[in-house]
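I have placed the structure first, in the form of structure tokens, so that the comments after it can refer back to it.
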Amino acid sequence: MTDALQPLQDQLQSLCRLDVLNQWRQAHGSISEPLNPQTWLNWQPVTLNERGHIPWRRGKQELWLSQTLVIPKSINGFDVSRFRLYLSLRWWADFAQLYLNGILHRTGDLFDCFGRILLDESVQPGQTLHVALYLVSPSHDDGALVTSDLIYENEHLDPGFVADELAVCRQFCSGFFNKKLNTLVIPNFELLPQKQEQFLEELQQLHEQLNDVFSSTQGTLYLMGHAHLDMAWLWEISETWTAAQRTFKSVLNLQTQFPELVFSHSSAALYDWIECHRPDLFASIKTQVERGVWEVAAGLWVEPELNLISGESIVRQILYGQQYVLEKFGQPVRVAWLPDSFGFCWQLPQLLKQGGIDYFVTQKLRWNDTTEFPYDLFWWESPDGTRILSLMSAPIGQGIEPQQMASYLKSWQDKTGLSDGLWLPGVGDHGGGPTRDMLEVARRWQGSSLFPKLAFSSATDYLDRLQGQVDATCPVWRDELYLQFHRGCYTTEGDRKRANREGERCLYQAEVFASLATITAEVPYPGESLEKVWKDLLFNQFHDILPGSTIPEVLAEANRVSAAGLATAKAIRDGAIMTLLQGLPASTPPYPEAIPVYVVNALTWSRSQVVSLPLPNSDRRWRVCNLCGEPVPSQRFQGELQILAEAVPGVGCARYWLYIDEEAPQDNLSYHTTRAPVLENANLRATIDAETGNIQQIFDKRNQQELLNSQGGNQLQAFRDQGQYWDAWNIDPNYEQYPLNPPELECFDFLESGNLRQRLRVVRRLGESRICQDYILDKDASVLVIETEIDWQERQVLLKTAFNFAFNTDIANYDMACGTIARPTQPQTPAEAAKWEVPALQWADLSTRDFGVSLLQNCKHGYDAKPNQLRLTLLRGCQWPNPESDRGIHHMTYAISVHPGDWKTGKTDHRADELNQPLRVYTNITASGGDRPPSQSHQWLSVAPDSLKLMALKASDRYPNQWILRVHDRHGEAQQLALGGVFTEMTRTRVNLLDETQVGNETIAPWQIASFRLQSQQNLTGQ
């Protein structure tokens, strides 16, 4: 058996490798003369913990370790004179410095945390080396020196090298060892130390025998230098630019000495910064790209979070990444390099392929906490049928370790049936890349005929070779790529999620209305400003910024950038809408001092909604009428006038007049503290529990159906959520075993009880936190809205809201980028059970055949479902890496939408969009648009059918005076796009995400994303 060779392998290693972890001496804190070997005599011997590590306390605590090495004549009888000596270390420390004979020799940190350090090129017996190691513990975790080994190595044959060869052979050829173990030449260790030459001869024979038997039978292991560099994580963004410069300079220097080194790096945003701030470095990179030894794998602007962003955000990540690389490097990117994002939405294959990307690569699902992802190579298929060849790569941040590499390649070959693998050497997370020692070791093993062939390759070239070998047996994955880890990132740092959602919504509106203003009024299109805001938003979607798994300084910078971008987008939107409104036909005011009011709809279907009008003087009494002078029902609340704006056309407006009427009612200021807590309209009756503030029952009048069971709805549930190392990232899997006391009701008051809107305020207290919620039910609505303000002060507490229904269903449907995903409510497999917290964009739904209920929200993403329950995670209270995570005031809105049939019939997607993009009110704008008769409403753009969602309307980046309109089917049905309004007479061409013409018909396939380039007949004729 091959295990019989383990003692031989261990004995060979023992001749060249010594574990010296327990030989360090230690001193804590600030030490006088820490580099003076005389002071080390007073330091204490180390004590290893149960894991065999040297530990010390967390919180930036300092530890000094020292060791005086005296080179022996031999190790276990083997003479190591004139050998190279390495110290191999692995630490868990925020900062590290190694000193050799009083001189700084190596620095590192939490990410550059392992490697072999050359102490001497040719050691002599009796030689003394004084080694000191300075370590600073992480703020969030205890520090540790994990390993510490002395390695003696000869440029010719040495026992350690043969031991590694033996281990490699055992990986690939266990059958040979089982059959011919007795034929191997086993070196006689009793020859040492007197007959070392004879021992080496036998060692040489074993080496030759292994090489003869196993030569060139293991395939090729391609190497690609890599340096994963987070745009921000446990450091500020400014430090990322420093790390990038250091990494790129290091790689360029190594490529002069190791011309075979091929290096790959992602993120167009990073190259853009280098180009702007280090043009000399950028020029050197371009030279290496032209030589074919530097791959720009920047198919996306950054490596984003891909569960929480909209489909159009993913489009822009691809569009701006591809545009940049094509412009600067002359060729598009064909690989989506996403090793570290926290899961991947199901429509990503379609989006990538439409963006000119042929391959998808990640390794993150190797982090799964429940089941192993079954495939290393597979076709990933989107709901529309688009497939992309996908690689579950080797782990990132690895060295050149022969046994580890051989183990990976053997596993790859067993899983895929393909002979050639890809290994990714290089220090990562904080940059770094390949080291000189890694490349030297690689060269040494390139000379071994028994090791798999080693050759450098780019990711694209490697994947091109793989695609040529893929056959019909390659598995197909038809689902999201759900990461069974980091489930807390759907909720952590709620302000980041809210800012991202606000930015996405406002950019959509700004581009739509700016496009229409340019087309109708010929005002300049603000393309540069919009692109700047988009790129800032995309940067903040990076997979440690949007998820909230970063330090407070990064979050503060992201908040500043988001606020500035939102202000710019709002100014563009409002300016464009003002231009459009000014172009409407003039209307005569029904009263001398009447003020024009416009209600604007950014969505593509007609809708009605209660809106609030700001009043010029809240001391006066006001009414609203339509253009014909007919009064519109209204209701006063907190100094504003509310009206029901009815049938506001899609991407259009309705017009009203606001005028003084001293007979109009004033604010309803008498709060109804004694009235029963019931909200009711023609469709729903919602009863609030006067003891808890929960929803006791929702009665659907149309179906005569009680929707909730005895546990009710909006049941605020708090749980202890601690004990996770990755605090911001992970929810305690056992959190339900640690429920906390429910919130206590402080008071409830009716703030509004008019014919248009009823508003009941409920205030509750949870620990040190105050939860203020307004239940809102509007006239004729089938949606009960819950506006929420929480002053959150809890630490390591998870807060959910639960809705418990009086019906059961096997499937819950969830909103995702450019589509919908169904997940079981009764898991049947461990992988399904691992989805106990799942992401969604704007809604989740439970439906029977006859009716259903949707849980909508405007800035939350973490859901869980049972056959009769939907829960939405509202807040967490992490302590690392931000000790004050989520502490403070939060505003959020969620809602229960009651509907007939399933979510499609009930238009859940529409209701969610309406919650997220309410009608907007504009006043004091004078319409003066020519001689056309005025009308109550006006529509600038129509898109049909309404099961096509408008994703974007924007100016083409490639063709002047042409426009890109993008939609996606969201009901899984083939569609024909019909356009009206200003685009009625325009020609349209089907294009991909990069505005490249696509051959095909006009039909939009089920779940398909479709982009069109629009051009007026006048421009077409002019060309």
- Item | Residues H910, W843; criterion ring-ring contact (aromatic ring centres under 6.0 Å, His included); working and verdict | CA-CA 10 Å; H910 285 199; W843 58 266; over 10 Å; no
- Given R621 and D661, is the salt bridge (Lys or Arg N to Asp or Glu O under 4.0 Å) satisfied, shown in steps? CA-CA 6 Å; R621 301 191 178 194; D661 181 352; over 6 Å; no
- Query: Given Y659 and V624, is the side-chain contact (heavy atoms from CB on, under 4.5 Å) satisfied, shown in steps?
  - Reply: CA-CA 6 Å; Y659 60 96; V624 171; 5.7 Å; no
- Task: Walk me through it: do W657 and L627 pass the test side-chain contact (heavy atoms from CB on, under 4.5 Å)?
- Result: CA-CA 7 Å; W657 291 100; L627 259 60; 4.1 Å; yes
- Task: Before giving the answer on side-chain contact (heavy atoms from CB on, under 4.5 Å), spell out for M951 and V315 the whole-Å C-alpha distance, their side-chain angles and the decisive distance to 0.1 Å.
- Result: CA-CA 10 Å; M951 296 172 64; V315 169; 4.1 Å; yes
- Message: side-chain contact (heavy atoms from CB on, under 4.5 Å), that's the test. Do H968 and L948 meet it? Break it down for me.
- Response: CA-CA 5 Å; H968 74 82; L948 290 176; over 6 Å; no
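Minimum interatomic distance between S310 and L841 (heavy atoms only, all atoms of both residues): CA-CD1, 4.2 Å. Annotation for F750 and V678: closest pair CZ-O, 3.3 Å, computed over non-hydrogen atoms. Contact record, G693 with I688: O-CG2, 3.7 Å, taken as the closest heavy-atom pair. Residues I964 and S956 approach most closely at CG1-CA, 3.9 Å, considering heavy atoms. Annotation for Q758 and L679: closest pair OE1-CA, 3.3 Å, computed over non-hydrogen atoms. Closest approach of A602 and V651 over heavy atoms only: O-CG2, 4.0 Å.
We find the CD1-CG distance between I776 and L760 to be 10.0 Å, quoted to the nearest 0.5 Å. Separating the CD atom in E985 from the CG atom in L979 is a distance of 11.5 Å, to the nearest 0.5 Å. Interatomic distance, CH2 of W301 versus OG of S313, reported as 14.5 Å (0.5 Å rounding). Residue D536 holds its CG atom at 8.5 Å from CZ of R560, rounded to the nearest 0.5 Å. Summarising the geometry, atom CH2 belonging to W622 is positioned 14.0 Å from atom CD1 belonging to I643; distances are rounded to the nearest 0.5 Å. Here L641 contributes atom CG and R636 contributes atom CZ; the two are 6.5 Å apart, rounded to the nearest 0.5 Å.
With 3.5 Å as the limit, one finds a donor-acceptor pair spanning the side chains of Y894 and N714. A donor and an acceptor atom, one from each side chain of R988 and Q1015, are nowhere located under 3.5 Å apart. Remark: the Q317 side chain and the Q541 side chain contain an N/O donor-acceptor pair separated by less than 3.5 Å. Judged purely by distance below 3.5 Å, without hydrogens or angles, the side chains of R496 and N559 pair a donor atom with an acceptor atom. Checking E787 against T893 by side-chain atom types alone, no donor-acceptor pair falls below 3.5 Å. Checked by atom type, the side-chain pair T908/S854 shows a donor-acceptor distance below 3.5 Å. One side chain, Y922 or D574, offers a donor N or O that lies under 3.5 Å from an acceptor on the other. A side-chain donor from one of S947 and Q975 sits under 3.5 Å from a side-chain acceptor of the other. Inspection of the S782 and N683 side chains reveals no N or O donor paired with an N or O acceptor under 3.5 Å. Residues Q917 and Q509 have side chains that bring a donor and an acceptor to within less than 3.5 angstrom of each other. Neither side chain, R655 nor N626, offers a donor N or O lying under 3.5 Å from an acceptor on the other.
Residues C653 and W940 are in side-chain contact: their nearest non-hydrogen atoms beyond the backbone lie under 4.5 Å apart. The shortest side-chain heavy-atom distance between L915 and Q842 does not fall under the 4.5 Å cut-off. Proximity of L950 to L941: side-chain heavy atoms (C-beta onward) are separated by under 4.5 Å at one or more points. In this structure, the side chains of P616 and I595 come closer than 4.5 Å at one or more pairs of heavy atoms. Contact check for H938 versus L584: side-chain heavy atoms found under the 4.5 Å cut-off. The shortest distance between side-chain heavy atoms of F699 and L684 does not fall below 4.5 Å. Taking the side chain as every heavy atom from C-beta outward, I698 and R685 never approach each other to under 4.5 Å. Y508 has its side chain out of reach of L953: every pair of non-hydrogen atoms, C-beta onward, lies at least 4.5 Å apart.
The closest donor-acceptor contact from the side chain of T579 to the backbone of G575 lies under 3.5 Å. In this structure, R966 contributes its side chain and F1012 its backbone to no donor-acceptor pair below 3.5 Å. Under the 3.5 Å distance criterion, the side-chain polar atoms of T604 are left unmatched by any main-chain donor or acceptor of V943. A donor-acceptor distance shorter than 3.5 angstrom exists from the side chain of N681 to the backbone of A781, with no hydrogens or angles considered. Of the possible donor and acceptor atoms, none in the side chain of Q635 sits under 3.5 Å from a partner among the backbone N and O of Q642. A distance-only check finds no donor-acceptor pair linking the side chain of S937 to the backbone of A654 [under 3.5 Å]. The backbone N or O of P526 lies less than 3.5 Å from no partner atom in the side chain of S529, so there is not a single donor-acceptor pair.
Each of D913, D815, D946 was checked for a salt bridge (Lys or Arg N to Asp or Glu O under 4.0 Å) with R970, and the lone residue meeting it is D913.
Residues D909 and K949 are not paired through a salt bridge, judged by the lack of any N-O separation under 4.0 Å between the basic side chain and the carboxylate. The pair R501-E504 does not meet the salt-bridge criterion, since no charged nitrogen lies less than 4.0 angstrom from a carboxylate oxygen. We find that K954 and E511 are not joined by a salt bridge, their nearest charged nitrogen and carboxylate oxygen being 4.0 Å or further apart. K497 and E493 are not joined by a salt bridge, as no carboxylate oxygen comes within less than 4.0 angstrom of a charged side-chain nitrogen. A salt bridge links D778 with R757: at least one charged nitrogen is closer than 4.0 Å to a carboxylate oxygen. Salt bridge annotation for E312-R316: present, with a cationic side-chain nitrogen under 4.0 angstrom from a carboxylate oxygen. Ion pairing between R770 and D791 fails under the 4.0 Å rule for side-chain N and carboxylate O. For the pair K532 and E528, the salt-bridge criterion is not met [side-chain N within less than 4.0 Å of a carboxylate O].
Shown here is K904, whose NZ atom has more than 12 heavy atoms of other residues, nucleotides or ligands within 6.0 Å. Within a 6.0 Å sphere centred on CD of E662, heavy atoms belonging to other residues, nucleotides or ligands number more than 12. The environment of N755 atom CG is sparse: at most 12 non-hydrogen atoms of other residues, nucleotides or ligands sit within 6.0 angstrom. Remark: K701 NZ is packed, more than 12 non-hydrogen atoms of other residues, nucleotides or ligands lying under 6.0 Å away.
In summary, the aromatic rings of W963 and Y525 are positioned with their centroids under 6.0 Å apart.
The side-chain hydrogen bond (donor to acceptor under 3.5 Å, both in side chains) check on R607 picks up N601, Q609, with sequence neighbours excluded.
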